[in-house]
Peer 1: 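Please see the structure below; I have some questions.
Nothing fancy with the numbering, it's 1 onward along the sequence.
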Amino acid sequence: MKEVLLISVFMKRTLVLLCLWFFIWFPLEAFCSTGNTSSSSNPKVINIGALFTLNSVIGGATKPALLAAIDDVNSSPNILNGIELKLILRDTNCSGFIGTMEALQLMESDIVVAIGPQSSGIAHVISHVVNELHVPLLSFGATDPTLAYLQFPYFLRTTHSDYFQMYAIADVLDYYGWREVIAIFVDDDYGRNGISVLGDALAKKRAKISYKASFSPEDPESKINDLLVEVNLMESRVFVVHVNPDTGLNIFSVAKRLNMMSGGYVWIATDWLPSYLDSREAVDPSTMNLLQGVVALRRYIPDTNLKKRFISRWKNLKDKGSTGPGGFNSYALYAYDSVWLAAHALEVFLSEGGNLSFSNDPKLRDTNGTTLHLSLLRVFNGGQQLLQTLLRMNFSGVSGQIQFNQQRDLIHPAFDVLNIGGTGTHRIGYWSNYSHLSIVPPESLYTKPPNISSSSQHLYGVKWPGETSKVPRGWVFPNNGQPLRIAVPNRVGYKEFVSKDNSPQGVKGYCIDVFEAAINLLPYAVPHTYMLFGDGNRNPNYDEIVSQVAQNKYDAAVGDITIVMNRTKIVDFTQPYMESGLVVVAPVKEAKSSPWAFLKPFTKEMWFVTAALFLFVGVVVWILEHRINHEFRGPPRQQLITIFWFSFSTMFFSHRENTVSTLGRLVLIIWLFVVLIINSSYTASLTSILTVQQLTSGIQGIDSLISSSEPIGIQEGSFALNYLVDELNIARSRIVKLKDPEAYLRALNLGPKAGGVAAIVDELPYIELFLTSTNCLYRTVGQEFTKSGLGFAFQRDSPLAVDLSTAILQLSESGDLQKFHNKWLTHTECSIQINQEEENKLSLSSFWGLFLICGIACVLALTLFCYRVFTQYRRFSPEGEEAEVEEIEPSRLSRRSILSTSFNNIMDFVDRKETEIKEILKRKNINESKQTSHNSNGQASSPT
């Protein structure tokens, strides 16, 4: 805050001194002819000003472009109706002090539009002047993103802001997968604010600027050398260079001497570098040799006919107006279009009745005998109207479409992505705010829906420094003599995973072997040193280890570190090298045999459905056989006994009743197959229950442990404490911390009533070792209720985490991980989990398919049987009985009695033997035939 106040005081004093100097050197008589208000309803000449550094790369290209634009406007009969534009040039000499002075002199000339400056720093100062005097400022070169219209309403940028360029660079970095970069920039408004936007753009892609290396434009090469030596000792090998085109080449000259333009390095330059190269008609080979492999961005300008005609005129224009060292570059096009933008706006402004008048600002009055003569700085009365007119303009210029959006930026910002190699530059793609990276010109994409997905981003191949086409890794281990600091937990128990050792390495164990094997698979050396974490008297807190890695006290943590959610928020983990998860270990005892053990193979639902299906099949077979099989006939009591006997005798395939009907035999065959499966399954399950040792525990799993109030043991330093308390809401007072397997054994032997624990909750790899050490006296109960793994922890966005993950996968595929496991973590293969009685029972879900098939067969058989009986009944019903029913008066016979009579007739029909029915139908057919024959003979003998 103090710095801001000092800068504000300094700027005010600077403006006062400038005004004082100006009015001392310029005689007062020069202003005597100026009145309080001047206006011209039909001016013949309109003054516009230009303010930039003439002797610069950008200024050398801008001056001839501005002069050409003035000539073209004044010679065109289609604009301004003969009014002449007069250009007043002022040289800022790349100085904020001189630029402010020149701006004040320029404002005295009653200009209606100011063009420039090229410097963002000078633009910040001059914007305050034009805001006060209401003169629109069209800047073709001030690209600082903080030059916003909210603070500077009269500032209008006629080129694209560095906001878009920095997002383009972020997309390029993301395209190649680089997560850390070093920014080298000039320490002024242009450099600082541009790099600030780059940091924001990278943060959205989970990348960052690891170091900001700034320098002053006046710094000698020795300071630049010291700066590059410093950044060369750092990890990142990706450099983004955002400097001025006049002095920026010194960066690469020094980098070349330091061998920083060789393989493994990545250099990305903003548009200052293409502007410098484009300004040179022929770049000497020594300069190109400095830049081999550099990737740079250049403002994209479509290849229109207007642009081609302008470039064809450039030789004559340069000879006519250039005084600086530069030649043609993109800023010349933006400057040319700035003049035409002012001309088009002035024409509309005048046609709409705008008045080119000026008036004194009452706030700039001279008081108390001052000699500053501030009253000579006058306000342009039509400034606000002209500004709004400028914002409405829409025409095609040599730099493309000139049209502003609501944020007062030119529409369709785009950049060429260039690769410098050989004797020139090569375009490898484009970036646009519409579709980001592509290999087709942006204007061809504007008619299509925007697509910024990662799969749609494309660039051509690049020749990187060192003449290689392989994309550099982008980082190395810091070349500062500091090896990788690796924290290793100093464990008390389960030292098979990691423990202290007297060897030069200092540690040993399963985790160490895996890490060393993975490191050896990397294509580069990784100097590292192990640092024990903990006092050796108790297991360290693993959350603290991970936290200190995140705080940069260690570079990584290697050990049996579980990958859990709260840890992944602050560090990056490698691919898990071992699976893990929490389980419950509890004391078990052998289950006593039960007199009702024969019921255990099936669940209650299975018993119920099986019994019901036995009865259902018996009833179906009885219905199908009752009419044709005498074994299924007799008194009702006998038939009921037959149904039950037949149903359950099929369980043992001992049924004595024969089935004679086709449908009955079909149902019985299917049912006997179902019974065979049920019998076999029942026998196998019962055999297992009676012969396999059955173990039981008072704790059935994590759910029963939660519902109890007994103490629970956990491993000291494990994440299980937070999980049980925070996730499962178990009281912290129930938790007992145990440091080694011996403590586990003592606590389980004592039990909860004698100061021990009811069960232990720990990760599966430790439990396997514990059960082995106790000769399988204990068992896990329930299921594994979390899923996780063991991994190595690194600081966020560490590239080592990615490379080591690949190495761990290689170890897994080659079988080396299993070899390390067998070496350190061998354990007896005992039955880890106790037998759960409910899990061993056969349920309905295992047999519903068979039951469904049997049920469908029964239903189909009954349907066919009913259809056959109904057909016979219609043929059997006598005509005489029907006639009798018709003769009865309706009043004497209710509807219910008719239905009852019909139902009784049907049941009586169904109960009869089928042979009787067939005999009756046969006699009926014979009688009908005789009756038909008698009727035929009677008709034949009657007289005609």
Peer 1: Measure centre to centre between the rings of F164 and F415, then say whether the value is under 6.0 Å.
Peer 2: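 When the ring centroids of F164 and F415 are compared, they turn out to be at least 6.0 Å apart.
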Peer 1: Does OH in Y163 sit with more than 12 non-hydrogen atoms of other residues, nucleotides or ligands closer than 6.0 Å?
Peer 2: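 No, not enclosed.
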Peer 1: Under a 3.5 Å distance rule, please check whether K463 uses its side chain to pair with a backbone N or O of T468 as donor and acceptor.
Peer 2: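 Looks like no, no N/O pair under 3.5 Å.
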Peer 1: Would you kindly say whether S161 and T143 are connected by a side-chain donor-acceptor distance under 3.5 Å?
Peer 2: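 The criterion, which ignores hydrogens and geometry beyond distance, is not satisfied for T143 and S161.
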Peer 1: Say you draw a straight line from OG1 of T159 to CG of L333; how long is it, rounded to the nearest 0.5 Å?
Peer 2: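 Answer for the OG1-CG pair, T159 versus L333, is 10.0 Å.
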Peer 1: Do Y524 and W475 have ring centroids that are under 6.0 Å from one another?
Peer 2: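 Yes - the distance between ring centres of W475 and Y524 falls below the 6.0 Å cut-off.
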Peer 1: side-chain contact (heavy atoms from CB on, under 4.5 Å) for L273 and L291? Distances and angles first, verdict last.
Peer 2: CA-CA 10 Å; L273 183 56; L291 304 173; 3.9 Å; yes
Peer 1: Strictly by modelled atom types, are Q795 and N552 linked by a side-chain donor-acceptor pair under 3.5 Å?
Peer 2: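 A pair is found: one side chain offers a donor N or O, the other an acceptor, under 3.5 Å apart.
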Peer 1: Between Y334 and N329, does the side chain to side chain donor-acceptor pair (under 3.5 Å) criterion hold? Intermediate values first, please.
Peer 2: CA-CA 10 Å; Y334 291 117; N329 56 48; over 6 Å; no
Peer 1: Do the charged groups of D278 and R298 touch, with an N to O distance under 4.0 Å?
Peer 2: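 Answer for the salt bridge query: yes.
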Peer 1: Can you list the steps and then say if L138 with L390 is a side-chain contact (heavy atoms from CB on, under 4.5 Å)?
Peer 2: CA-CA 10 Å; L138 308 181; L390 286 166; 4.0 Å; yes
Peer 1: Is the count of non-hydrogen atoms from other residues, nucleotides or ligands lying under 6.0 Å from Q406 atom CD greater than 12?
Peer 2: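 Check fails, neighbour count at 12 or below.
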Peer 1: Taking the side chain from W267 and the backbone from M260, do they hold a donor-acceptor pair closer than 3.5 Å?
Peer 2: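 Flag set: sc W267 to bb M260 pair under 3.5 Å.
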Peer 1: Tell me, with the steps shown, if Y434 and H412 meet ring pair (Phe, Tyr, Trp, His ring centres under 6.0 Å).
Peer 2: CA-CA 7 Å; Y434 187 78; H412 301 321; 7.3 Å; no
Peer 1: Between D555 and R796, does any side-chain N to carboxylate O distance fall below 4.0 Å?
Peer 2: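 Salt bridge: no.
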Peer 1: Distance only, no hydrogens: is a donor on one side chain within 3.5 Å (strictly under) of an acceptor on the other, for N47 and S109?
Peer 2: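 Absent: no donor and acceptor within the cut-off.
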Peer 1: Using distance alone, with no hydrogens and no angle criterion, decide if S56 and D246 have a side-chain donor and acceptor under 3.5 Å apart.
Peer 2: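 No donor-acceptor contact under 3.5 Å links the two side chains.
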Peer 1: Side-chain contact, heavy-atom cut-off 4.5 Å: L137 with L156?
Peer 2: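 No, every pair of side-chain atoms sits at 4.5 Å or beyond.
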Peer 1: For W272 and F185, what are the C-alpha separation, side-chain angles and deciding distance, and is it a ring pair (Phe, Tyr, Trp, His ring centres under 6.0 Å)?
Peer 2: CA-CA 11 Å; W272 68 268; F185 60 97; over 10 Å; no
Peer 1: So do L66 and L87 actually touch side chain to side chain, heavy atoms under 4.5 Å?
Peer 2: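 Yes, side chains in contact.
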Peer 1: Any salt bridge between R427 and D416, counting N to O under 4.0 Å?
Peer 2: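 Judged by the 4.0 Å cut-off on N to carboxylate O distance, R427 and D416 do form a salt bridge.
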Peer 1: Please assess T146 against N193 for the test side chain to side chain donor-acceptor pair (under 3.5 Å), listing each intermediate value before the final yes or no.
Peer 2: CA-CA 7 Å; T146 63; N193 296 329; 3.1 Å; yes
Peer 1: Can you see whether D572 engages S798 through a side-chain donor-acceptor pair at a distance of less than 3.5 angstrom?
Peer 2: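 Side chains of D572 and S798: no pair found under 3.5 Å.
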Peer 1: Would a distance-only check, ignoring hydrogens and angles, find a side-chain to backbone donor-acceptor pair under 3.5 Å from Q151 to L147?
Peer 2: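 No, because the side chain of Q151 does not come within donor-acceptor range (under 3.5 Å) of the backbone of L147.
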Peer 1: Between CD of E235 and CD of E180, what distance do you get to the nearest 0.5 Å?
Peer 2: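 E235 CD to E180 CD: 5.5 Å, rounded to 0.5 Å.
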Peer 1: To the nearest 0.5 Å, what is the distance between CG (L89) and CG (D91)?
Peer 2: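 Going from the CG atom of L89 to the CG atom of D91 covers 9.0 Å.
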Peer 1: Can you tell if the side chain of M107 reaches within under 4.5 Å of the side chain of R378, non-hydrogen atoms only?
Peer 2: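 Of all side-chain heavy-atom pairs linking R378 with M107, none is under 4.5 Å.
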Peer 1: Test your reading of the model: is there a side-chain donor-acceptor pair from R90 to the backbone of M101, 3.5 Å cut-off?
Peer 2: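 Judged by distance alone, no pair lies under 3.5 Å.
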Peer 1: Report yes or no: do Y211 and E230 form a side-chain donor-acceptor pair below 3.5 Å?
Peer 2: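 Yes, a side-chain donor-acceptor pair sits under 3.5 Å.
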Peer 1: Both conditions, 6.0 Å and 45 degrees, for the charged tip of R280 above the ring of Y276: are they met here?
Peer 2: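 So R280 does make the cation-pi contact.
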Peer 1: Would a distance-only check, ignoring hydrogens and angles, find a side-chain to backbone donor-acceptor pair under 3.5 Å from Q165 to T270?
Peer 2: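 No, Q165 side chain to T270 backbone: no donor-acceptor pair under 3.5 Å.
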Peer 1: Are the side chain of Y190 and the backbone of V243 linked by a donor-acceptor contact shorter than 3.5 Å?
Peer 2: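 Yes, Y190 side chain to V243 backbone: donor-acceptor pair under 3.5 Å.
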Peer 1: Quick test of your reading of the model: are R257 and E221 salt-bridged, counting only N-O distances below 4.0 Å?
Peer 2: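 Looking at R257 and E221, the cut-off is met.
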Peer 1: Considering only NZ, NE, NH1 and NH2 on the basic side and carboxylate oxygens on the acidic side, decide whether D144 and R192 come within less than 4.0 Å.
Peer 2: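 No, no charged N to carboxylate O under 4.0 Å.
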Peer 1: Kindly give the heavy-atom pair with the smallest separation between P117 and S139, and that separation in Å.
Peer 2: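 Looks like O-OG, 3.0 Å.
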Peer 1: What do you reckon, is NZ of K223 surrounded by more than 12 foreign heavy atoms closer than 6.0 Å?
Peer 2: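 Open: at most 12 neighbouring heavy atoms sit under 6.0 Å from NZ of K223.
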Peer 1: Taking the ring centre of each residue, are H436 and Y175 less than 6.0 Å apart?
Peer 2: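 No, too far apart.
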Peer 1: Show the nearest heavy-atom pair for residues P153 and L387, with the distance to one decimal.
Peer 2: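 Distance-wise, the nearest heavy atoms are O-CD2, 3.2 Å.
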Peer 1: So, are R299 and D162 salt-bridged, with charged N and O less than 4.0 Å apart?
Peer 2: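 Yes, this pair counts.
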Peer 1: Looking only at heavy atoms, which two atoms of D219 and I224 are closest? And how far apart?
Peer 2: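 What the structure gives for the nearest pair is O-CD1, 4.5 Å.
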Peer 1: As an exercise, state the distance from CG of N250 to CG of L290, rounded to the nearest 0.5 Å.
Peer 2: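 Reported value, rounded in 0.5 Å steps: 10.0 Å.
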Peer 1: Output yes when a side-chain donor or acceptor of R157 lies under 3.5 Å from a complementary backbone atom of A142, and no otherwise.
Peer 2: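 The answer is yes, because a donor-acceptor pair under 3.5 Å joins these two groups.
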Peer 1: Roughly how far apart are I301 CD1 and K307 NZ, rounded to 0.5 Å?
Peer 2: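 Output value for this atom pair is 5.5 Å.
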Peer 1: Let me see the working for F215 and D187 under side-chain contact (heavy atoms from CB on, under 4.5 Å), right down to the final yes or no.
Peer 2: CA-CA 5 Å; F215 66 96; D187 192 12; over 6 Å; no
Peer 1: Taking C-beta and beyond as the side chain, do V229 and L258 meet within less than 4.5 Å on heavy atoms?
Peer 2: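 A side-chain contact exists here, since the closest heavy-atom pair is under 4.5 Å.
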Peer 1: Provide the closest heavy-atom pair for P64 versus W314 in the form atom of the first, atom of the second, distance.
Peer 2: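 Looking at all heavy atoms of both residues, the shortest contact is CG-CH2, 3.5 Å.
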Peer 1: Suppose we call two aromatic rings close when their centres sit under 6.0 Å apart. Are Y430 and Y300 close by that rule?
Peer 2: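 Judged by ring-centre distance (under 6.0 Å), Y430 and Y300 do meet the cut-off.
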Peer 1: Could you walk me through whether H426 and N419 pass the side chain to side chain donor-acceptor pair (under 3.5 Å) check?
Peer 2: CA-CA 5 Å; H426 312 280; N419 180 214; over 6 Å; no
Peer 1: Under a plain distance cut-off of 3.5 Å, with no hydrogens placed, do T287 and D284 share a side-chain donor-acceptor pair?
Peer 2: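 Result is yes, a qualifying pair exists.
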Peer 1: Between D171 and W431, is a side chain to side chain donor-acceptor pair (under 3.5 Å) present by the stated rule, with each step listed?
Peer 2: CA-CA 9 Å; D171 282 338; W431 181 93; 2.7 Å; yes
Peer 1: Looking just at side-chain N and O atoms, do S236 and S210 make a donor-acceptor pair shorter than 3.5 Å?
Peer 2: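 On atom types as modelled, these side chains do not qualify, holding no pair under 3.5 Å.
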Peer 1: Identify whether the distance between the nearest side-chain nitrogen and carboxylate oxygen of D797 and K208 falls below 4.0 Å.
Peer 2: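 Salt bridge between D797 and K208, a charged N being under 4.0 Å from a carboxylate O: no.
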Peer 1: Nearest 0.5 Å, please: how far is CG in L51 from CD1 in I122?
Peer 2: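 CG of L51 is found 7.0 Å from CD1 of I122.
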Peer 1: Applying side-chain contact (heavy atoms from CB on, under 4.5 Å) to I58 and F52, what does each step give before you reach the verdict?
Peer 2: CA-CA 9 Å; I58 296 177; F52 54 91; over 6 Å; no
Peer 1: Should D174 and R206 be marked as a salt bridge (charged side-chain N to carboxylate O under 4.0 Å, His left out) after you check the CA-CA gap, both sets of side-chain angles, and the distance that decides it?
Peer 2: CA-CA 9 Å; D174 183 64; R206 203 182 170 187; over 6 Å; no
